[in-house]
Each structure stands twice: as structure tokens, then as C-alpha cells.
Amino acid sequence: AQRVTQPEKLLSVFKGAPVELKCNYSYSGSPELFWYVQYSRQRLQLLLRHISRESIKGFTADLNKGETSFHLKKPFAQEEDSAMYYCALSGRGTSGSRLTFGEGTQLTVNP
Amino acid sequence: KAGVTQTPRYLIKTRGQQVTLSCSPISGHRSVSWYQQTPGQGLQFLFEYFSETQRNKGNFPGRFSGRQFSNSRSEMNVSTLELGDSALYLCASSSVGPSGNTIYFGEGSWLTVV
């Protein structure tokens, strides 16, 4: 079975402060991990994937297989980062395009 | 390139009725999957279709069904609607490249059951 846990439902930081959104997963095989962002009244957007190791909008995430974590980080939060963030997992090769999502973390960046 | 398109965007149905939602994937994407999003349960996987065949299925009752056409467009149907079926239904299309899956979502269809 695959499971994704985001321990914080709500996270509030001030503009310019570092932010870290936590994600832990459980999967017996080799996972693909994703972060999706959902701004108010907008569609779910892919933020980044662990495979591509990109930095999007200043966000990075590193897959730690030992701790089974994929935390999302940004050194200096901006007000426009306020949104709902979802961590998601897909099993490579065996589960097609099926994503298992965490419960989501609502990030608020205060001025 | 056009994104994932879902219709209708909003609809209201009465308990006991049935509903059909439509999804047009990104051109060239052969996989289409459906998700239900509710405040209480979050995002839950319904099913996935690839080349007109159901490839994966989530834990939803048989009232929820889907299909995919030869042009990769997909529909999902919910029969005998219940109040608890009120949700945002999201469609996603995906392609598999050298660096794995890339999955894109539509804006969703907001279903209210009264």
C-alpha cells in the first residue's frame, strides 16, 4: 500500500522567512514524488518532481529515501506563495499514472 | 498546447439522478485519470484509463464508472447520486517520458447534489 502524510494542515510564515512543508511517504517499491500547488480558485498545478531535480519559483525538494521524506523548501517566502500544497506519490512502472495525495498543507505568507 | 479541459464546470443534480462528466486530455496524452476532491477526504483516486482500457481503479462503489474513447477523451458517470457525492471531480492526463510521469490536471467539474 502507498501512503503520503503531510503532518501540518496549516502553516503560517512571514514574508522573507524560510519555509518548509513536510511530506513523508510509505511505499514498498521505487516511488516518484511530486509537489502540486493549488492557488485560490485555480487548477492543481505541478510544482516539481523529484526526478527532474528542478527549482521552480525558488522551491526545492530532495527525496530522502532513508527517512522516506520529500520536504518542500524555500529560503525566502513571498506573499504570492500563499496556496494549498499537496505532496503526491506514484509508483514507478507498476501503478500507471495513479497518484496518492497527502492531505495538503495550507501555506499563508503574511506581509 | 491546450491544457486538460473538463465540462461542465458546474452542475447541480438531485439525489437519485445520474451525471456524466467529460474530459479532453492534452493532445498526445493517452492516459486519463479521475479524482474526487472533498474537504473531508481530500484528493482520492477514482480510476485511470489508457488506450480505452481501465488500468487502475480506486476504492469507490460501482456507481462510479468511466470510459475512454479512441481519441483519448474520457467520461465518468455517477449513477444514483447521493448527497455525499458532492465534490470537485478532477481529470488528469499524463505522458510518460524519459524522466517519468508528467501528470497535468484540469480545472475540475463542481458537482452539487441536493
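Throughout, a chain's letter reflects where its sequence line sits, starting with A, and its residues are numbered from 1.
- Considering only residues two or more places apart in sequence or on other chains, B/Asn71 meets the side chain to side chain contact (heavy atoms under 4.5 Å, CB included) condition with B/Phe69, B/Arg73.
- Ranked by heavy-atom pairs under 4.5 Å with chain A, the list B/Tyr35, B/Phe50, B/Tyr104 is led by B/Tyr35.
- In terms of modelled atom types and a separation under 3.5 Å, the side chain of B/Ser31 and the main chain of B/Ser94 share no donor-acceptor contact.
- Evaluation of the salt bridge (charged side-chain N to carboxylate O under 4.0 Å, His left out) test over residues 102-114 of chain B, restricted to residues two or more places apart or in two chains, returns A/Arg43-B/Glu107, B/Arg9-B/Glu107.
- In this structure, chain A has no heavy atom under 4.5 Å from any part of B/Gln41.
- At distances below 3.5 Å, at least one donor-acceptor pair connects side-chain atoms of B/Gln6 with backbone N or O atoms of B/Cys91.
- Interface residue A/Gln38: only side-chain heavy atoms are found under 4.5 Å from chain B.
- Within the 4.5 angstrom heavy-atom criterion, atoms from both the backbone and the side chain of A/Leu44 approach chain B.
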